[in-house]
K.L.:
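Questions regarding the structure given below will be posed in turn.
What's counted below: heavy atoms across the whole structure, side chains too, no hydrogens, waters or symmetry copies. Being a predicted model, the structure only gives us computed values, none of them experimental. Per chain, numbering begins at 1; letters A, B, ... match sequence-line order.
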There are 2 protein chains.
Amino acid sequence: MKSRKIFNRIAVLRIERKMSRQELAEKIGVNFQTIGYLEREEYNPSLDLAFRISEVFKLPIPFIFSTKPLKALSDELLNKKTNN
Amino acid sequence: MKSRKIFNRIAVLRIERKMSRQELAEKIGVNFQTIGYLEREEYNPSLDLAFRISEVFKLPIPFIFSTKPLKALSDELLNKKTNN
DNA sequence: GCTTATTATTGTATATATGCAACATTTGGT
DNA sequence: ACCAAATGTTGCATATATACAATAATAAGC
């Protein structure tokens with residue numbers, strides 16, 4: 001099926017929460033190198049893994065993952081509220 | 001990582017929209033037998049495939065897929081609005 | 001009941017995600 | 001500049017998703 005590349009915000013979210021890949025990996029139950037692959041978008045997570053990440057961050061899947069490149073959170077925020 | 005089983009509403013949604021597996025498969029770009037495997041929950045879709053299904057049905061991923069068994073749509077509906 | 005479309009089953013092949021180890025590179029703190 | 005922690009890279013092994021074909025079983029229309 002030639003799978004499309006899926007973009008994600010894992011790195012930003014992890015850093016915002018001050019976690020190392022090691023820690024995140026433990027919470028999720030994968031090898032810490034797997035987090036690396038995901039953050040670099042070298043491959044897509046399985047749906048189950050996506051759900052686990054969504055659970056750890058307590059954020060919906062479509063907020064973390066997207067088929068189109070994700071805008072920086074900082075930008076999104078400032079564009080949403082015109083009152084800056 | 002011993003992947004958890006993911007439940008889904010593909011069959012119901014497909015039938016509501018009066019599509020055969022063949023048709024759905026074409027819209028999504030997979031083999032029609034793959035739809036069968038997914039509906040029977042014999043394996044989980046990739047994240048990309050989940051996104052495609054979400055796009056075809058125009059419904060968010062968490063509505064279609066869940067780590068916990070999904071209640072029947074009919075039940076959900078009637079429980080939500082106590083005014084029946 | 002017959003015919004046809006739809007779905008299930010079995011088996012095999014390929015692509016991709018994940019694990020794991022060993023070493024290189026980068027980054028942060030002092 | 002040094003040391004330690006974090007991340008990147010390469011390579012190989014395994015599990016799982018997807019494709020495809022051929023046949024069986026089931027359902028739907030007439």
K.L.:
I need the full list of side-chain hydrogen bond (donor to acceptor under 3.5 Å, both in side chains) pairs touching residues 17-30 of chain B, with sequence neighbours left out, sorted by first then second residue.
P.N.:
B:Arg21-B:Glu39
K.L.:
In whole angstroms, how far is the P atom of C:dA17 from the CD atom of A:Glu39?
P.N.:
16 Å
K.L.:
Could you name each residue pair satisfying salt bridge (Lys or Arg N to Asp or Glu O under 4.0 Å) that touches residues 53-67 of chain B, not counting sequence neighbours?
P.N.:
A:Arg4-B:Glu55
K.L.:
Under the ring pair (Phe, Tyr, Trp, His ring centres under 6.0 Å) definition, can you give me all pairs with a residue in residues 17-56 of chain A, not counting sequence neighbours?
P.N.:
A:Tyr37-A:Tyr43
K.L.:
Return a table of donor-acceptor pairs under 3.5 angstrom between the side chains of residues 59-70 of chain B and protein atoms on other chains or two or more places apart.
P.N.:
{"unit_1": "B:Ser66", "atom_1": "OG", "unit_2": "B:Lys68", "atom_2": "N", "d": "2.9"}
{"unit_1": "B:Ser66", "atom_1": "OG", "unit_2": "B:Lys68", "atom_2": "O", "d": "2.8"}

K.L.:
Among residues 14-37 of chain A, which residues get a heavy atom nearer than 4.0 Å to DNA chain D?
P.N.:
A:Arg14, A:Arg21, A:Phe32, A:Gln33, A:Tyr37
K.L.:
Kindly state which residues belonging to residues 2-11 of chain A come within less than 4.0 angstrom of DNA chain C, counting heavy atoms of the residue only, listed by number.
P.N.:
none
K.L.:
Any idea which heavy atoms bring A:Pro45 and A:Ala50 closest together, and the distance?
P.N.:
CB-N, 4.2 Å
K.L.:
CG of B:Leu13 to CG of B:Leu24: how many Å apart, nearest 0.5 Å?
P.N.:
9.5 Å
K.L.:
Any non-hydrogen side-chain atom of A:Leu38 less than 4.5 Å from a side-chain atom of A:Ile53?
P.N.:
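Yes; the side chains approach each other to less than 4.5 Å.
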K.L.:
Would you say B:Ile35 and B:Ile28 make side-chain contact, with heavy atoms under 4.5 Å?
P.N.:
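Side chain of B:Ile35 against side chain of B:Ile28, heavy atoms only: contact under 4.5 Å found.
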K.L.:
For the NZ atom of A:Lys71 and the CG atom of A:Leu73, what is their distance to the nearest 0.5 Å?
P.N.:
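With rounding to 0.5 Å, NZ (A:Lys71) is 11.0 Å from CG (A:Leu73).
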K.L.:
Considering only heavy atoms of chain A and a distance under 4.0 Å, specify the first and last nucleotide of DNA chain D in 5' to 3' order that meet this criterion.
P.N.:
D:dT7 to D:dA19
K.L.:
Rounded to the nearest 0.5 Å, what separation is found between the CZ atom of B:Phe57 and the CD atom of B:Glu16?
P.N.:
9.0 Å
K.L.:
Among residues 43-57 of chain B, which residues get a heavy atom nearer than 4.0 Å to DNA chain C?
P.N.:
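None, since no heavy atom is under 4.0 Å.
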K.L.:
Please report the interatomic distance CE(A:Met1) to CG(B:Leu49), rounded to the nearest 0.5 Å.
P.N.:
5.0 Å
K.L.:
Could you work out, with side chain to side chain contact (heavy atoms under 4.5 Å, CB included) as the rule, every residue matching B:Gln33, not counting sequence neighbours?
P.N.:
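Testing B:Gln33 for side chain to side chain contact (heavy atoms under 4.5 Å, CB included), a comparison that skips the adjacent residues, returns B:Asn31.
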K.L.:
Check nucleotides 24-29 of chain C against the protein and report each pair of N or O atoms closer than 3.5 Å, with its distance, or say if there are none.
P.N.:
none

K.L.:
Which residues pass the side chain to side chain donor-acceptor pair (under 3.5 Å) test with B:Ser3, sequence neighbours left out?
P.N.:
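For B:Ser3 the side chain to side chain donor-acceptor pair (under 3.5 Å) partners, ignoring immediate neighbours, are A:Asp48.
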K.L.:
Measure across A:Ile10 and A:Asn8 and return the closest heavy-atom pair with its distance rounded to 0.1 Å.
P.N.:
N-OD1, 2.8 Å
K.L.:
For the helix from C:dG1-D:dC30 to C:dT30-D:dA1, what angle lies between the axis at the first five pairs and the axis at the last five pairs, to 10 degrees?
P.N.:
70°
K.L.:
Rounded off to whole Å, could you give me the CD-to-P distance for the A:Glu42 and C:dA17 pair?
P.N.:
11 Å
